[in-house]
Participant: 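Structure provided below as structure tokens; questions to follow.
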Amino acid sequence: MSDTSRTLTIRRPDDWHVHLRDGAMLQAVVDHTARQFARAIVMPNLKPPITSVDQARSYRERILQALRPERRDRFTPLMTAYLTETIAAQELERGFTEKVFTAAKLYPAGATTNSDAGVRDLKAITPVLETMERIGMPLLIHGEVTDPGIDIFDREAVFIEQHLEPLLRRHPALKVVLEHITTADAADFVTSGPANLAATITPHHLHINRNAMFLGGLRPDFYCLPVAKRERHRLALRAAATSGNPKFFLGTDSAPHPRGAKESACGCAGIYNAPYAIESYAQVFEQEGALERLEGFASVFGPRFYGLPLNKGSITLIRDGSEVPALMELSAGADSTTLLVPFHAGEDLNWRLEDSPAS
Ligand code: DOR
Ligand code: ZN
């Protein structure tokens, strides 16, 4: 890393958790991720979900085709399998061995967007988890219980106690990433857990607490899952992300939904933070006096955990600011556009990536 107060150059980062969607939305959003990140772990919660090697291969191809041609050999989508109660362990093993699947994603059924086909009873996938443990394939977890009787703000902490802890005891060698953590409970659990347990942290959970959803009215653009929690949890996440502990690394959980689907009577969960993600993280690290630790979090700890090589190139951030638009009208294929509200809409951020979203 080189830091001359006006510029910050770090090894090219990766995004270890992103929703790129498909079709017109994929077309609209993919370059925002590819302009910053060399690789991204692509979530499989499409309709229908990605549950086979063939589906993942063709989705990967669609992602590459949606990129600007000059970015096609600079960006690698890392594909994931969506775990169902009926998925065959052999299919996962084949996908992992053939380097199509990098990891598998566990959605508790009903926890979030397109999770209906997810897992109701974790014991049902024991043979699958045993296989993953044996071959070193990481398990990525949306860690929330779905019981409507459990308060939505407690669902992550309860999941850890009721499901994650026993799962780690049953599968002591399984590599597990607890995705998009939102609580001090999760940060503590991961910190004190074994080396094969890590977590990703989003930019939005570092910037906002639950008040953001209700600031002067109902603000659907700040609604995501797991929902943002109290201020003390946000502070714990900032401490974890900027601590230099390699168990915490970058995963944006950028989750685009068209403006109309968010601002509706039953708005979708998800924050579209891809356009200014690295700038958003840089702001947090600067505020915490930890800019020298951004590179570890963004570019080193993720690949080390996944057992992948570090990226070769670098990116440079310039300290002259980014003006985030209030609304983005993005081209979504032939003659069509989609309206997305980006995270930090209408705000100024301190940093600007040399290659800005407009370019
Ligand atoms: O807010 C979220 N949006 N959380 C998720 O877990 C899924 C995501 C989506 O796909 O929209
Ligand atoms: Zn997600």
Side-chain angles (χ1 to χ4, degrees), residues 14-26 28-30 32-33 37 40-50 59 63 77-83 102-119 138-146 152-153 155-156 159 176-183 186 198-210 212-213 219-229 237 249-264 266-274 277 280 302 338 340-343:
D14 302 301
D15 184 350
W16 298 97
H17 182 133
V18 71
H19 299 266
L20 294 179
R21 313 299 194 207
D22 210 348
M25 185 62 94
L26 168 64
V29 302
V30 68
H32 285 156
T33 292
F37 300 109
I41 283 277
V42 182
M43 287 298 119
N45 63 333
L46 303 183
K47 267 186 182 165
I50 303 293
Y59 183 31
I63 294 168
L78 302 174
M79 310 312 289
T80 57
Y82 181 117
L83 295 182
T102 298
K105 176 71 187 256
L106 168 66
Y107 288 105
T112 189
T113 310
N114 297 342
S115 62
D116 299 351
V119 175
L139 174 70
L140 317 182
I141 301 184
H142 183 113
E144 285 191 288
V145 290
T146 55
I152 193 165
F153 295 101
R155 288 181 193 171
E156 183 174 276
F159 181 90
V176 172
V177 184
L178 186 56
E179 300 282 7
H180 43 53
I181 59 168
T182 62
T183 55
T200 54
I201 306 182
T202 75
H204 41 282
H205 291 109
L206 294 171
H207 278 278
I208 62 166
N209 64 32
R210 62 191 194 174
M213 287 182 288
R219 305 280 193 134
D221 296 325
F222 296 119
Y223 172 56
C224 64
L225 286 169
V227 285
K229 309 292 192 301
L237 298 175
F249 46 84
L250 188 158
T252 63
D253 198 16
S254 181
H257 293 279
R259 184 197 191 186
K262 291 217 40 97
E263 299 173 10
S264 90
C266 187
C268 296
I271 293 183
Y272 184 50
N273 61 32
S280 178
T338 186
L340 293 171
V341 177
F343 184 49

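For this chain, numbers begin at 1 and follow the sequence in order. Indexing begins at 1, ligand by ligand and atom by atom, following the structure's order. All figures in this text were calculated on a predicted structure; none of them were measured in a lab.
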Participant: What do you reckon, does His142 have a nitrogen or oxygen under 3.5 Å from a nitrogen or oxygen of ligand 1?
Facilitator: yes
Participant: Ring centres under 6.0 Å, that's the criterion: do His180 and His17 meet it?
Facilitator: yes
Participant: As an exercise, identify every atom of ligand 1 less than 4.0 angstrom from a heavy atom of Cys224.
Facilitator: 1 (O)
Participant: To 10°, measure the NE2(His19)-the Zn ion (ligand 2)-NE2(His17) angle for me.
Facilitator: 110°
Participant: Please confirm whether Tyr107 and Tyr82 have ring centers closer than 6.0 angstrom.
Facilitator: yes
Participant: With respect to Tyr223, determine whether any N or O atom, backbone or side chain, lies less than 3.5 Å from an N or O atom of ligand 1.
Facilitator: no
Participant: I'd like to check which ligand 1 atoms, numbered from 1 as shown, lie under 4.0 Å from a non-hydrogen atom of Ala255.
Facilitator: 3 (N), 8 (C), 9 (C), 11 (O)
Participant: Checking the N or O distance criterion of under 3.5 Å, is ligand 1 in contact with Gly270?
Facilitator: yes
Participant: Are the side chains of Met25 and Pro256 in touch, meaning some heavy atoms are under 4.5 Å apart?
Facilitator: yes
Participant: Apply the side-chain contact (heavy atoms from CB on, under 4.5 Å) test between Val42 and each candidate in Ile50, Ile63, Thr33, Leu26; give the one that qualifies.
Facilitator: Ile63
Participant: Which residue and non-hydrogen atom of the protein lie closest to atom 4 (N) of ligand 1, and at what distance in Å?
Facilitator: Leu225 O, 2.8 Å
Participant: For ligand 1, note which part of Asn45 has a heavy atom under 4.0 Å away: side chain, backbone, both or neither.
Facilitator: side chain
Participant: For ligand 1, note which part of His257 has a heavy atom under 4.0 Å away: side chain, backbone, both or neither.
Facilitator: side chain
Participant: Look at the aromatic rings of Tyr272 and His32 and report parallel, tilted or perpendicular, splitting at 30° and 60°.
Facilitator: tilted
Participant: Regarding Thr252 and Asp15, do their side chains bring together a donor and an acceptor under 3.5 Å, going by distance alone?
Facilitator: yes
Participant: Once you restrict to heavy atoms under 4.0 Å, what part of Arg21 touches ligand 1? Side chain, backbone, both or neither.
Facilitator: side chain
Participant: Which distance, rounded to the nearest 0.5 Å, do you find between the CG of Asp221 and the NZ of Lys262?
Facilitator: 6.0 Å
Participant: Between Leu20 and Val29, which heavy-atom pair has the shortest distance, and what is it?
Facilitator: O-CG2, 3.7 Å
Participant: Short check: any N/O/S atom of Asp253 below 2.8 Å from the Zn ion (ligand 2)?
Facilitator: yes
Participant: Return a yes/no value for Ala269: is any of its N or O atoms, backbone included, closer than 3.5 angstrom to an N or O of ligand 1?
Facilitator: yes
Participant: Got the closest protein heavy atom to atom 6 (O) of ligand 1, with its distance?
Facilitator: Thr112 OG1, 3.0 Å
Participant: Does the side chain of Ile181 come within less than 4.5 Å of Ile201's, by heavy atoms?
Facilitator: yes
